[in-house]
Asker: 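The structure's right below; bear with me while I get my questions together.
Residue numbers start from 1 in every chain, and the chains themselves are labelled A, B, ... in the order their sequence lines are given, proteins ahead of strands.
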Amino acid sequence: MIDLRLVQKTPELLAKALADRHSSQDVAVFHQLDETRRRLLGEVEALKSQRNAASTEVARLKRAGESAEHMMEELGKLSARIKELDVATEDAKLAVESWLMQTPNIPDVSVPVGRDETENPEVVRWGKGRDFDFSVREHWEIGSALGGFDFERASRLTGSRFVVMLGWAARLERALVNFFLNAHMEEGYQEIAPPYMVNRATMTGTGQLPKFEEDLFKLEGWDYFLIPTAEVPLTNMHAGEVLDEQDLPRGYCAATPCFRSEAGAYGKDTKGLIRQHQFIKVEMVRFAHPDDSFTQLENMRRHAESLLERLELPYRTIVLCTGDMGFSSAKTYDVEVWLPGQNTYREISSCSNCTDFQARRANIRFRSGSAKPAFLHTLNGSGLPTGRTMAAVLENYQQKDGSVRIPKVLVPYMGGQEVIEP
RNA sequence: GGAGAGGUAGCGAAGUUGGCCGUAACGCGCUCGACUCGAAAUCGAGUUAUCGGUUUGUCCCGAUACGUGGGUUCGAAUCCCACCCUCUCCGCCA
(Lines give C-alpha, C1' and ligand atoms only; values in the text may rest on other atoms or scores of the structure.)
Protein backbone atom coordinates (compact mmCIF):
# COMPACT_ATOMS: atom_id res chain seq x y z
CA MET A 1 0.00 0.00 0.00
CA ILE A 2 1.28 3.44 -0.80
CA ASP A 3 1.30 6.25 1.73
CA LEU A 4 -1.99 8.12 2.10
CA ARG A 5 -0.13 11.38 2.71
CA LEU A 6 1.93 10.92 -0.40
CA VAL A 7 -1.23 10.76 -2.49
CA GLN A 8 -2.65 13.77 -0.70
CA LYS A 9 0.46 15.91 -0.97
CA THR A 10 2.16 14.91 -4.21
CA PRO A 11 -0.63 13.53 -6.40
CA GLU A 12 1.29 14.42 -9.58
CA LEU A 13 4.05 12.01 -8.57
CA LEU A 14 1.60 9.15 -8.21
CA ALA A 15 -0.26 10.11 -11.38
CA LYS A 16 2.96 9.82 -13.35
CA ALA A 17 3.80 6.48 -11.73
CA LEU A 18 0.36 5.11 -12.60
CA ALA A 19 0.65 6.34 -16.16
CA ASP A 20 4.10 4.75 -16.50
CA ARG A 21 2.67 1.47 -15.26
CA HIS A 22 -0.34 1.74 -17.55
CA SER A 23 -2.53 1.37 -14.49
CA SER A 24 -6.23 2.13 -14.70
CA GLN A 25 -6.20 3.71 -11.23
CA ASP A 26 -7.23 7.37 -11.35
CA VAL A 27 -5.88 9.87 -8.82
CA ALA A 28 -8.88 12.14 -9.38
CA VAL A 29 -11.11 9.38 -8.04
CA PHE A 30 -8.98 9.24 -4.93
CA HIS A 31 -9.38 12.95 -4.30
CA GLN A 32 -13.11 12.72 -4.51
CA LEU A 33 -13.24 9.77 -2.13
CA ASP A 34 -10.83 11.33 0.33
CA GLU A 35 -12.63 14.66 0.36
CA THR A 36 -15.91 12.92 1.15
CA ARG A 37 -14.23 10.96 3.90
CA ARG A 38 -12.76 14.06 5.53
CA ARG A 39 -15.98 16.02 5.30
CA LEU A 40 -18.02 13.25 6.95
CA LEU A 41 -15.35 12.67 9.55
CA GLY A 42 -15.38 16.34 10.52
CA GLU A 43 -19.16 16.34 10.87
CA VAL A 44 -19.40 13.20 12.95
CA GLU A 45 -16.51 14.22 15.19
CA ALA A 46 -18.14 17.54 15.98
CA LEU A 47 -21.35 15.73 16.99
CA LYS A 48 -19.42 13.24 19.10
CA SER A 49 -17.68 16.07 20.85
CA GLN A 50 -21.10 17.47 21.75
CA ARG A 51 -22.33 14.12 22.96
CA ASN A 52 -19.27 13.49 25.11
CA ALA A 53 -19.64 16.84 26.82
CA ALA A 54 -23.35 16.29 27.41
CA SER A 55 -22.84 12.76 28.73
CA THR A 56 -20.35 14.06 31.24
CA GLU A 57 -22.97 16.58 32.31
CA VAL A 58 -25.55 13.80 32.71
CA ALA A 59 -23.14 11.92 34.93
CA ARG A 60 -22.57 15.05 37.02
CA LEU A 61 -26.30 15.72 37.45
CA LYS A 62 -26.97 12.12 38.45
CA ARG A 63 -24.23 12.17 41.02
CA ALA A 64 -25.74 15.36 42.41
CA GLY A 65 -29.09 13.59 42.57
CA GLU A 66 -30.70 15.87 40.00
CA SER A 67 -32.87 14.84 37.07
CA ALA A 68 -31.29 14.56 33.63
CA GLU A 69 -34.35 13.30 31.79
CA HIS A 70 -34.68 16.35 29.54
CA MET A 71 -31.08 15.99 28.36
CA MET A 72 -31.26 12.27 27.82
CA GLU A 73 -34.13 12.58 25.39
CA GLU A 74 -32.19 15.11 23.29
CA LEU A 75 -29.10 12.97 23.43
CA GLY A 76 -31.02 9.98 22.15
CA LYS A 77 -31.74 11.85 18.95
CA LEU A 78 -28.15 13.05 18.71
CA SER A 79 -26.85 9.50 19.12
CA ALA A 80 -29.17 8.24 16.39
CA ARG A 81 -27.81 10.88 14.04
CA ILE A 82 -24.25 9.97 15.00
CA LYS A 83 -24.94 6.33 14.25
CA GLU A 84 -26.09 7.17 10.74
CA LEU A 85 -23.09 9.40 10.11
CA ASP A 86 -20.75 6.77 11.55
CA VAL A 87 -21.89 4.27 8.94
CA ALA A 88 -21.44 6.80 6.14
CA THR A 89 -18.00 7.75 7.44
CA GLU A 90 -16.93 4.12 7.68
CA ASP A 91 -18.09 3.51 4.11
CA ALA A 92 -16.12 6.53 2.91
CA LYS A 93 -13.05 5.34 4.78
CA LEU A 94 -13.34 1.87 3.26
CA ALA A 95 -13.68 3.38 -0.20
CA VAL A 96 -10.43 5.31 0.25
CA GLU A 97 -8.70 2.26 1.69
CA SER A 98 -9.95 0.07 -1.11
CA TRP A 99 -8.61 2.52 -3.67
CA LEU A 100 -5.22 2.49 -1.97
CA MET A 101 -5.21 -1.31 -1.79
CA GLN A 102 -5.80 -1.50 -5.53
CA THR A 103 -2.96 0.91 -6.25
CA PRO A 104 0.44 -0.52 -7.21
CA ASN A 105 3.78 0.56 -5.77
CA ILE A 106 5.60 3.54 -7.23
CA PRO A 107 8.54 2.57 -9.48
CA ASP A 108 11.96 3.71 -8.32
CA VAL A 109 13.50 6.59 -10.30
CA SER A 110 16.11 4.19 -11.70
CA VAL A 111 13.46 2.04 -13.36
CA PRO A 112 13.22 2.58 -17.12
CA VAL A 113 9.87 3.74 -18.44
CA GLY A 114 8.48 1.27 -20.93
CA ARG A 115 5.34 -0.33 -22.27
CA ASP A 116 5.79 -4.07 -21.78
CA GLU A 117 8.23 -6.98 -21.67
CA THR A 118 9.76 -5.98 -24.99
CA GLU A 119 11.25 -2.88 -23.38
CA ASN A 120 13.18 -4.43 -20.52
CA PRO A 121 16.87 -3.49 -20.81
CA GLU A 122 19.50 -6.17 -20.33
CA VAL A 123 22.04 -5.39 -17.62
CA VAL A 124 24.08 -8.59 -17.35
CA ARG A 125 24.93 -11.43 -19.72
CA TRP A 126 26.97 -14.34 -18.44
CA GLY A 127 28.20 -17.45 -20.17
CA LYS A 128 27.44 -18.76 -23.59
CA GLY A 129 25.31 -21.67 -24.72
CA ARG A 130 27.20 -24.76 -25.83
CA ASP A 131 27.58 -25.55 -29.49
CA PHE A 132 25.72 -28.78 -30.11
CA ASP A 133 26.70 -31.18 -32.89
CA PHE A 134 23.32 -32.88 -32.73
CA SER A 135 19.76 -31.66 -32.69
CA VAL A 136 18.93 -30.45 -29.21
CA ARG A 137 15.82 -31.61 -27.44
CA GLU A 138 13.55 -29.83 -24.98
CA HIS A 139 13.69 -30.74 -21.32
CA TRP A 140 10.42 -32.68 -21.13
CA GLU A 141 11.52 -34.98 -23.94
CA ILE A 142 14.88 -35.58 -22.28
CA GLY A 143 13.44 -36.07 -18.80
CA SER A 144 10.66 -38.36 -20.01
CA ALA A 145 12.99 -40.43 -22.15
CA LEU A 146 15.25 -40.93 -19.14
CA GLY A 147 12.28 -42.11 -17.08
CA GLY A 148 12.36 -39.16 -14.68
CA PHE A 149 9.15 -37.35 -15.64
CA ASP A 150 5.69 -38.86 -15.97
CA PHE A 151 3.19 -36.26 -17.14
CA GLU A 152 0.51 -38.83 -18.06
CA ARG A 153 0.29 -40.28 -14.59
CA ALA A 154 0.25 -36.80 -13.07
CA SER A 155 -2.72 -35.78 -15.17
CA ARG A 156 -4.49 -38.98 -14.19
CA LEU A 157 -3.75 -38.37 -10.50
CA THR A 158 -4.75 -34.72 -10.63
CA GLY A 159 -4.99 -32.95 -13.97
CA SER A 160 -2.96 -30.87 -16.36
CA ARG A 161 0.05 -28.84 -15.26
CA PHE A 162 1.33 -31.41 -12.77
CA VAL A 163 4.19 -33.87 -12.98
CA VAL A 164 5.26 -37.02 -11.22
CA MET A 165 9.02 -37.22 -10.79
CA LEU A 166 10.69 -40.59 -10.42
CA GLY A 167 14.10 -41.79 -9.33
CA TRP A 168 16.91 -39.54 -10.48
CA ALA A 169 14.53 -36.64 -11.14
CA ALA A 170 13.09 -36.67 -7.64
CA ARG A 171 16.59 -36.91 -6.25
CA LEU A 172 17.85 -34.10 -8.48
CA GLU A 173 15.09 -31.88 -7.17
CA ARG A 174 16.11 -32.68 -3.61
CA ALA A 175 19.75 -32.04 -4.52
CA LEU A 176 18.89 -28.61 -5.90
CA VAL A 177 16.90 -27.69 -2.79
CA ASN A 178 19.84 -28.60 -0.57
CA PHE A 179 22.38 -26.89 -2.77
CA PHE A 180 20.34 -23.67 -2.85
CA LEU A 181 19.55 -23.61 0.85
CA ASN A 182 23.17 -24.28 1.81
CA ALA A 183 24.30 -21.46 -0.46
CA HIS A 184 21.86 -19.04 1.18
CA MET A 185 22.86 -20.08 4.67
CA GLU A 186 26.46 -19.25 3.75
CA GLU A 187 25.23 -15.80 2.75
CA GLY A 188 23.63 -15.33 6.15
CA TYR A 189 20.02 -16.22 5.43
CA GLN A 190 18.22 -18.13 8.15
CA GLU A 191 16.40 -21.23 6.91
CA ILE A 192 12.69 -21.30 7.67
CA ALA A 193 10.06 -24.00 7.30
CA PRO A 194 6.82 -22.02 7.11
CA PRO A 195 3.17 -23.07 6.73
CA TYR A 196 2.07 -23.73 3.15
CA MET A 197 -1.40 -22.35 3.85
CA VAL A 198 -1.95 -18.83 5.11
CA ASN A 199 -4.94 -16.71 6.05
CA ARG A 200 -6.43 -13.73 4.26
CA ALA A 201 -4.58 -11.10 6.31
CA THR A 202 -1.24 -12.66 5.41
CA MET A 203 -2.10 -12.77 1.71
CA THR A 204 -3.14 -9.13 1.93
CA GLY A 205 0.11 -8.15 3.64
CA THR A 206 2.25 -9.07 0.66
CA GLY A 207 -0.21 -7.79 -1.94
CA GLN A 208 -1.69 -11.00 -3.40
CA LEU A 209 -5.06 -9.89 -2.02
CA PRO A 210 -7.47 -8.30 -2.56
CA LYS A 211 -6.56 -7.81 -6.21
CA PHE A 212 -5.32 -11.22 -7.33
CA GLU A 213 -7.57 -13.74 -5.61
CA GLU A 214 -8.25 -15.60 -8.88
CA ASP A 215 -4.55 -16.53 -9.10
CA LEU A 216 -4.69 -18.40 -5.80
CA PHE A 217 -5.95 -21.78 -4.63
CA LYS A 218 -8.39 -21.34 -1.76
CA LEU A 219 -9.37 -24.05 0.69
CA GLU A 220 -13.01 -25.03 0.64
CA GLY A 221 -14.72 -24.05 3.87
CA TRP A 222 -11.72 -22.15 5.19
CA ASP A 223 -10.48 -18.63 4.71
CA TYR A 224 -7.05 -20.14 4.03
CA PHE A 225 -5.08 -20.07 0.80
CA LEU A 226 -2.23 -22.20 -0.57
CA ILE A 227 0.87 -20.05 -0.83
CA PRO A 228 1.91 -19.07 -4.38
CA THR A 229 5.45 -18.43 -3.09
CA ALA A 230 7.29 -18.58 0.24
CA GLU A 231 7.57 -14.80 -0.04
CA VAL A 232 4.12 -14.66 1.53
CA PRO A 233 4.80 -16.41 4.85
CA LEU A 234 8.41 -15.20 5.07
CA THR A 235 7.63 -11.52 4.56
CA ASN A 236 4.73 -11.75 6.99
CA MET A 237 6.92 -13.36 9.65
CA HIS A 238 7.25 -9.96 11.29
CA ALA A 239 3.81 -8.56 10.51
CA GLY A 240 2.74 -6.20 13.27
CA GLU A 241 6.20 -6.20 14.83
CA VAL A 242 8.77 -3.52 15.51
CA LEU A 243 12.30 -4.72 14.78
CA ASP A 244 15.42 -3.23 16.25
CA GLU A 245 17.49 -1.27 13.73
CA GLN A 246 20.49 -3.38 14.72
CA ASP A 247 18.70 -6.48 13.43
CA LEU A 248 18.66 -5.07 9.89
CA PRO A 249 19.26 -6.29 7.33
CA ARG A 250 17.76 -9.65 8.17
CA GLY A 251 17.34 -12.50 5.69
CA TYR A 252 15.20 -15.62 5.55
CA CYS A 253 15.13 -18.43 3.02
CA ALA A 254 12.77 -21.34 2.59
CA ALA A 255 12.11 -24.18 0.18
CA THR A 256 8.39 -24.66 -0.24
CA PRO A 257 5.89 -25.92 -2.74
CA CYS A 258 4.22 -23.03 -4.57
CA PHE A 259 0.64 -23.26 -5.82
CA ARG A 260 -0.64 -21.11 -8.65
CA SER A 261 -3.89 -21.34 -10.53
CA GLU A 262 -2.25 -19.84 -13.64
CA ALA A 263 -5.59 -18.30 -14.54
CA GLY A 264 -5.30 -16.57 -17.87
CA ALA A 265 -2.34 -18.69 -18.94
CA TYR A 266 -4.35 -21.20 -20.99
CA GLY A 267 -2.28 -22.53 -23.82
CA LYS A 268 0.96 -20.97 -22.54
CA ASP A 269 3.86 -23.32 -21.76
CA THR A 270 1.56 -26.30 -21.60
CA LYS A 271 4.44 -28.75 -21.90
CA GLY A 272 7.18 -29.42 -19.41
CA LEU A 273 8.12 -27.87 -16.13
CA ILE A 274 7.97 -24.19 -17.03
CA ARG A 275 4.42 -23.47 -15.87
CA GLN A 276 2.94 -25.88 -13.31
CA HIS A 277 0.17 -25.56 -10.75
CA GLN A 278 2.58 -26.85 -8.12
CA PHE A 279 6.33 -26.44 -8.03
CA ILE A 280 9.08 -26.22 -5.45
CA LYS A 281 10.95 -22.97 -5.12
CA VAL A 282 13.60 -21.71 -2.77
CA GLU A 283 12.85 -18.13 -1.87
CA MET A 284 14.96 -15.38 -0.31
CA VAL A 285 13.40 -12.57 1.70
CA ARG A 286 15.17 -9.61 3.27
CA PHE A 287 14.13 -6.91 5.68
CA ALA A 288 16.21 -3.78 5.16
CA HIS A 289 16.68 -0.23 6.37
CA PRO A 290 15.15 2.21 3.85
CA ASP A 291 18.58 3.76 3.19
CA ASP A 292 20.06 0.35 2.43
CA SER A 293 17.35 -1.49 0.51
CA PHE A 294 18.56 -0.82 -3.02
CA THR A 295 22.05 -2.00 -2.08
CA GLN A 296 20.42 -5.12 -0.68
CA LEU A 297 18.54 -5.60 -3.94
CA GLU A 298 21.85 -5.69 -5.82
CA ASN A 299 23.19 -8.23 -3.29
CA MET A 300 20.14 -10.39 -3.69
CA ARG A 301 20.36 -10.30 -7.48
CA ARG A 302 24.00 -11.37 -7.20
CA HIS A 303 23.04 -14.28 -4.95
CA ALA A 304 20.58 -15.52 -7.53
CA GLU A 305 23.03 -15.05 -10.40
CA SER A 306 25.86 -16.78 -8.56
CA LEU A 307 23.75 -19.92 -8.22
CA LEU A 308 23.52 -20.16 -11.99
CA GLU A 309 27.23 -19.47 -12.32
CA ARG A 310 28.02 -22.30 -9.93
CA LEU A 311 25.71 -24.54 -11.95
CA GLU A 312 27.49 -23.26 -15.08
CA LEU A 313 24.24 -22.26 -16.73
CA PRO A 314 24.31 -19.26 -19.09
CA TYR A 315 21.97 -16.44 -18.15
CA ARG A 316 21.16 -12.81 -18.64
CA THR A 317 19.61 -10.30 -16.29
CA ILE A 318 17.11 -7.62 -17.22
CA VAL A 319 15.46 -4.75 -15.37
CA LEU A 320 11.71 -4.78 -15.68
CA CYS A 321 10.44 -1.54 -17.17
CA THR A 322 7.54 0.33 -15.58
CA GLY A 323 4.95 -1.38 -17.77
CA ASP A 324 6.08 -4.90 -16.87
CA MET A 325 6.61 -4.68 -13.11
CA GLY A 326 4.70 -6.56 -10.43
CA PHE A 327 2.11 -4.89 -8.24
CA SER A 328 4.12 -4.61 -5.01
CA SER A 329 7.53 -3.88 -6.46
CA ALA A 330 9.43 -0.61 -6.82
CA LYS A 331 12.21 -2.24 -8.81
CA THR A 332 12.59 -5.75 -10.18
CA TYR A 333 15.42 -7.66 -11.82
CA ASP A 334 14.56 -10.80 -13.73
CA VAL A 335 17.32 -13.33 -14.18
CA GLU A 336 16.74 -15.45 -17.27
CA VAL A 337 18.44 -18.76 -17.90
CA TRP A 338 19.42 -20.03 -21.33
CA LEU A 339 17.29 -22.91 -22.61
CA PRO A 340 18.94 -24.30 -25.77
CA GLY A 341 16.01 -26.64 -26.43
CA GLN A 342 13.74 -23.62 -26.73
CA ASN A 343 16.56 -21.46 -28.10
CA THR A 344 15.66 -18.66 -25.70
CA TYR A 345 16.19 -17.17 -22.25
CA ARG A 346 13.43 -17.92 -19.73
CA GLU A 347 12.78 -16.25 -16.40
CA ILE A 348 14.23 -18.24 -13.53
CA SER A 349 14.50 -15.63 -10.79
CA SER A 350 12.75 -12.40 -10.00
CA CYS A 351 14.31 -10.13 -7.38
CA SER A 352 12.28 -7.19 -6.14
CA ASN A 353 12.59 -4.32 -3.73
CA CYS A 354 9.06 -3.65 -2.48
CA THR A 355 10.26 -0.63 -0.45
CA ASP A 356 7.68 0.15 2.26
CA PHE A 357 4.71 -1.07 0.19
CA GLN A 358 4.35 -4.45 1.89
CA ALA A 359 5.65 -3.17 5.23
CA ARG A 360 2.81 -0.65 5.39
CA ARG A 361 0.21 -3.29 4.54
CA ALA A 362 1.63 -5.82 7.00
CA ASN A 363 2.68 -3.16 9.54
CA ILE A 364 6.34 -4.17 9.77
CA ARG A 365 8.41 -1.45 11.37
CA PHE A 366 11.84 -0.82 12.87
CA ARG A 367 13.02 1.43 15.62
CA SER A 368 16.34 3.26 15.81
CA GLY A 369 17.15 4.39 19.32
CA SER A 370 14.24 6.23 20.86
CA ALA A 371 12.90 7.47 17.53
CA LYS A 372 9.38 6.69 16.42
CA PRO A 373 9.08 3.33 14.67
CA ALA A 374 9.13 3.62 10.87
CA PHE A 375 8.24 1.20 8.09
CA LEU A 376 11.17 -0.84 6.89
CA HIS A 377 11.73 -2.12 3.35
CA THR A 378 11.06 -5.68 2.23
CA LEU A 379 12.75 -7.53 -0.61
CA ASN A 380 12.21 -10.93 -2.13
CA GLY A 381 13.88 -13.03 -4.77
CA SER A 382 13.78 -16.54 -6.15
CA GLY A 383 16.83 -18.56 -5.42
CA LEU A 384 15.77 -20.67 -7.33
CA PRO A 385 12.76 -22.68 -8.48
CA THR A 386 13.70 -26.33 -8.92
CA GLY A 387 11.55 -27.10 -11.96
CA ARG A 388 12.90 -24.42 -14.23
CA THR A 389 16.42 -25.10 -12.98
CA MET A 390 16.01 -28.78 -13.84
CA ALA A 391 14.76 -27.81 -17.27
CA ALA A 392 17.88 -25.69 -17.75
CA VAL A 393 20.18 -28.45 -16.49
CA LEU A 394 18.64 -31.05 -18.79
CA GLU A 395 18.71 -28.86 -21.86
CA ASN A 396 22.21 -27.44 -21.32
CA TYR A 397 23.84 -30.68 -20.15
CA GLN A 398 22.23 -33.07 -22.66
CA GLN A 399 24.52 -35.29 -24.72
CA LYS A 400 24.26 -36.89 -28.10
CA ASP A 401 23.55 -40.39 -26.73
CA GLY A 402 20.55 -39.11 -24.76
CA SER A 403 22.33 -39.00 -21.40
CA VAL A 404 22.68 -35.91 -19.26
CA ARG A 405 25.71 -34.89 -17.23
CA ILE A 406 25.17 -33.66 -13.68
CA PRO A 407 26.63 -30.21 -12.98
CA LYS A 408 29.83 -30.62 -10.96
CA VAL A 409 28.53 -28.68 -8.00
CA LEU A 410 25.55 -31.06 -7.67
CA VAL A 411 27.48 -34.33 -7.89
CA PRO A 412 28.06 -34.55 -4.12
CA TYR A 413 24.34 -33.96 -3.57
CA MET A 414 23.59 -36.82 -6.01
CA GLY A 415 25.62 -39.33 -4.07
CA GLY A 416 28.51 -39.09 -6.54
CA GLN A 417 26.42 -39.71 -9.64
CA GLU A 418 27.89 -37.82 -12.60
CA VAL A 419 25.67 -38.83 -15.47
CA ILE A 420 22.01 -39.73 -15.94
CA GLU A 421 21.89 -42.53 -18.43
CA PRO A 422 19.01 -44.14 -20.31
C1' G B 1 -14.30 -32.39 19.27
C1' G B 2 -15.29 -31.62 25.13
C1' A B 3 -14.18 -28.68 29.81
C1' G B 4 -11.85 -24.51 32.04
C1' A B 5 -8.81 -19.86 32.09
C1' G B 6 -7.42 -15.71 29.47
C1' G B 7 -6.59 -11.52 25.33
C1' U B 8 -5.74 -3.89 28.40
C1' A B 9 0.84 0.51 26.25
C1' G B 10 7.50 -2.19 24.04
C1' C B 11 6.79 -6.31 28.11
C1' G B 12 4.27 -7.96 32.76
C1' A B 13 -0.05 -6.60 35.25
C1' A B 14 -4.44 -3.78 37.97
C1' G B 15 -9.32 -2.17 36.71
C1' U B 16 -15.98 -6.22 35.66
C1' U B 17 -22.40 -3.32 41.27
C1' G B 18 -21.83 0.92 33.43
C1' G B 19 -20.25 7.55 34.42
C1' C B 20 -13.37 12.37 36.84
C1' C B 21 -10.37 4.88 34.30
C1' G B 22 -7.20 5.47 29.18
C1' U B 23 -1.58 10.60 27.75
C1' A B 24 -4.44 3.42 31.68
C1' A B 25 -2.60 2.26 39.10
C1' C B 26 1.84 -0.69 40.13
C1' G B 27 6.37 -3.13 38.19
C1' C B 28 10.03 -3.83 34.14
C1' G B 29 12.18 -1.56 29.93
C1' C B 30 13.51 2.97 27.44
C1' U B 31 14.97 8.61 27.44
C1' C B 32 16.86 12.82 30.21
C1' G B 33 18.80 14.70 34.83
C1' A B 34 21.11 14.32 39.99
C1' C B 35 24.87 11.59 42.78
C1' U B 36 29.94 9.39 40.79
C1' C B 37 36.59 9.83 38.17
C1' G B 38 33.24 6.42 35.52
C1' A B 39 29.66 2.58 36.29
C1' A B 40 26.17 -0.18 39.30
C1' A B 41 22.74 0.91 43.02
C1' U B 42 19.67 4.94 44.56
C1' C B 43 16.70 9.46 43.82
C1' G B 44 13.86 12.90 40.43
C1' A B 45 11.36 13.83 35.73
C1' G B 46 9.56 12.03 31.14
C1' U B 47 7.66 7.99 27.77
C1' U B 48 0.57 5.22 23.39
C1' A B 49 -0.85 5.10 18.49
C1' U B 50 -3.95 6.51 14.49
C1' C B 51 -7.22 9.97 12.02
C1' G B 52 -9.17 15.03 11.39
C1' G B 53 -8.77 20.57 12.11
C1' U B 54 -4.77 24.15 12.27
C1' U B 55 0.03 24.20 10.72
C1' U B 56 3.41 22.08 7.33
C1' G B 57 6.84 23.61 13.97
C1' U B 58 6.86 16.48 17.18
C1' C B 59 2.46 23.54 20.17
C1' C B 60 -2.84 23.51 20.47
C1' C B 61 -8.12 21.61 19.71
C1' G B 62 -11.25 17.38 18.54
C1' A B 63 -12.26 12.17 17.56
C1' U B 64 -11.10 7.03 17.81
C1' A B 65 -8.76 2.56 19.88
C1' C B 66 -9.16 -2.36 26.08
C1' G B 67 -8.69 -9.60 20.67
C1' U B 68 -12.48 -8.84 16.12
C1' G B 69 -17.47 -7.61 14.65
C1' G B 70 -22.38 -6.51 16.17
C1' G B 71 -26.18 -5.20 20.08
C1' U B 72 -28.35 -2.69 24.63
C1' U B 73 -27.72 2.48 26.74
C1' C B 74 -27.77 9.53 27.12
C1' G B 75 -23.01 6.95 28.21
C1' A B 76 -19.61 0.31 27.61
C1' A B 77 -12.82 -2.24 29.20
C1' U B 78 -17.27 -3.24 32.37
C1' C B 79 -23.81 -5.90 30.31
C1' C B 80 -25.66 -9.24 25.90
C1' C B 81 -24.63 -12.10 21.10
C1' A B 82 -21.32 -14.16 17.37
C1' C B 83 -16.49 -15.11 15.86
C1' C B 84 -10.84 -15.30 16.17
C1' C B 85 -6.50 -16.38 18.91
C1' U B 86 -3.45 -18.11 23.27
C1' C B 87 -2.78 -21.34 27.61
C1' U B 88 -4.19 -25.84 30.77
C1' C B 89 -6.64 -30.59 31.06
C1' C B 90 -9.36 -34.57 28.42
C1' G B 91 -10.54 -37.18 23.83
C1' C B 92 -8.87 -38.38 18.85
C1' C B 93 -4.83 -38.71 15.51
C1' A B 94 0.28 -38.66 11.41
Asker: Take Tyr413(A) and Asn182(A) through the test side-chain contact (heavy atoms from CB on, under 4.5 Å) and record every step on the way to the result.
Answerer: CA-CA 11 Å; Tyr413(A) 291 94; Asn182(A) 287 348; 2.9 Å; yes
Asker: Look through every strand shown and name the nucleotide pairing with rU17(B) as Watson-Crick or G-U wobble, where both distances are under 3.5 Å.
Answerer: none
Asker: Using the ring centroid of each side chain, check whether Phe327(A) and Phe357(A) are separated by less than 6.0 Å.
Answerer: yes
Asker: Looking only at the side chain of Ser79(A) (C-beta and beyond, no hydrogens), which of the listed nucleotides rC74(B), rG19(B), rG62(B) gets closest?
Answerer: rC74(B)
Asker: Can you see which heavy atom on Leu4(A) is nearest to which on Arg37(A), and at what distance?
Answerer: CD2-NH2, 4.0 Å
Asker: So, is Ser49(A) near the phosphate of rC61(B), with a side-chain N or O under 4.0 Å from OP1 or OP2?
Answerer: no
Asker: For the side chain of Asn52(A), counting heavy atoms from C-beta on, which of rG62(B), rG75(B), rU64(B) is nearest?
Answerer: rU64(B)
Asker: Using a heavy-atom cut-off of 4.0 Å across all strands, would you classify Lys62(A) as base, sugar-phosphate, or nothing?
Answerer: base
Asker: Test Arg301(A) against Glu305(A) for salt bridge (charged side-chain N to carboxylate O under 4.0 Å, His left out), laying out the working first.
Answerer: CA-CA 6 Å; Arg301(A) 190 199 88 211; Glu305(A) 290 171 346; 3.0 Å; yes
Asker: Quickly work out the Leu78(A) CG to rU73(B) C1' distance and round it to whole Å.
Answerer: 14 Å
Asker: What is the pairing partner of rU56(B), taking Watson-Crick or G-U wobble pairs with both distances under 3.5 Å in any strand?
Answerer: none
Asker: Under 4.0 Å from OP1 or OP2 of rG52(B): is there any side-chain N or O of Gln8(A) that close?
Answerer: yes
Asker: Students often get this wrong, so: under 4.0 angstrom with heavy atoms, is Arg5(A) touching a base, only sugar-phosphate, or nothing?
Answerer: sugar-phosphate
Asker: How far does the P atom of rA77(B) sit from the matching atom of rU8(B), given to the nearest Å?
Answerer: 15 Å
Asker: OP1 or OP2 of rC20(B) less than 4.0 angstrom from a side-chain nitrogen or oxygen of Arg60(A), does that happen here?
Answerer: no
Asker: Determine the Euclidean distance between corresponding P atoms of rG18(B) and rC74(B); express it in Å to zero decimal places.
Answerer: 15 Å
Asker: For Gly76(A), which contact category applies under a 4.0 Å heavy-atom criterion: base, sugar-phosphate, or nothing?
Answerer: sugar-phosphate
Asker: What integer number of Å spans the P atoms of rU86(B) and rG12(B)?
Answerer: 16 Å
Asker: Pick base, sugar-phosphate or nothing for Glu90(A), based on heavy-atom distances below 4.0 Å to the nucleic acid.
Answerer: nothing
Asker: Met72(A) has an atom CE; how far is it from atom C1' of rG18(B), in whole Å?
Answerer: 12 Å
Asker: Using atom P of each nucleotide, how far apart are rG29(B) and rC87(B) to the nearest Å?
Answerer: 27 Å
Asker: With rounding to the closest Å, how many angstrom separate the C1' atoms on rC28(B) and rG91(B)?
Answerer: 41 Å
Asker: Provide, to the nearest angstrom, the distance between the CD atom belonging to Glu45(A) and the C1' atom belonging to rU64(B).
Answerer: 8 Å
Asker: Under 3.5 Å for both donor-acceptor distances, Watson-Crick or wobble: does rC35(B) have a partner, and if so which one?
Answerer: none
Asker: For the pair made of NZ in Lys48(A) and P in rA76(B), what is the distance, rounded to whole Å?
Answerer: 10 Å
Asker: Provide the Watson-Crick or G-U wobble partner of rU78(B), both distances under 3.5 Å; none if there is no partner.
Answerer: none
Asker: Can you tell me how far apart CG (Leu308(A)) and CG (Leu313(A)) are? Round to the nearest 0.5 Å.
Answerer: 6.0 Å
Asker: Roughly how many Å apart are rU56(B) and rG19(B), using the P atom of each and rounding to a whole number?
Answerer: 43 Å
Asker: Measure CD/Glu43(A) against C1'/rG53(B) and give the value in whole Å, please.
Answerer: 14 Å
Asker: Report yes if the side chains of Leu75(A) and Leu78(A) come closer than 4.5 Å at any heavy-atom pair, otherwise no.
Answerer: yes
Asker: Using the P atom on both, measure rU73(B) against rC85(B) and round to a whole Å.
Answerer: 32 Å
Asker: If we take the C1' atom in both rG4(B) and rC61(B), what is their distance in whole Å?
Answerer: 48 Å
Asker: If we only count heavy atoms from C-beta on, is the Ile318(A) to Tyr345(A) side-chain gap below 4.5 Å?
Answerer: no
Asker: Taking CD from Glu245(A) and C1' from rC30(B), how many angstroms apart are they, rounded to a whole number?
Answerer: 16 Å
Asker: Describe the nucleic acid contact of Lys83(A) in one word from base, sugar-phosphate, nothing, applying a heavy-atom distance below 4.0 Å.
Answerer: sugar-phosphate
Asker: Arg37(A) side chain: which of rG52(B), rG19(B), rC74(B) is closest?
Answerer: rG52(B)
Asker: In Watson-Crick or G-U wobble terms, both distances under 3.5 Å, what is the partner of rC87(B)?
Answerer: rG4(B)
Asker: Round to the nearest Å and state the distance from Asp34(A) atom CG to rC51(B) atom P.
Answerer: 11 Å
Asker: Name the pairing partner of rG29(B), where a pair is Watson-Crick or G-U wobble with both distances under 3.5 Å, or state none.
Answerer: rU47(B)
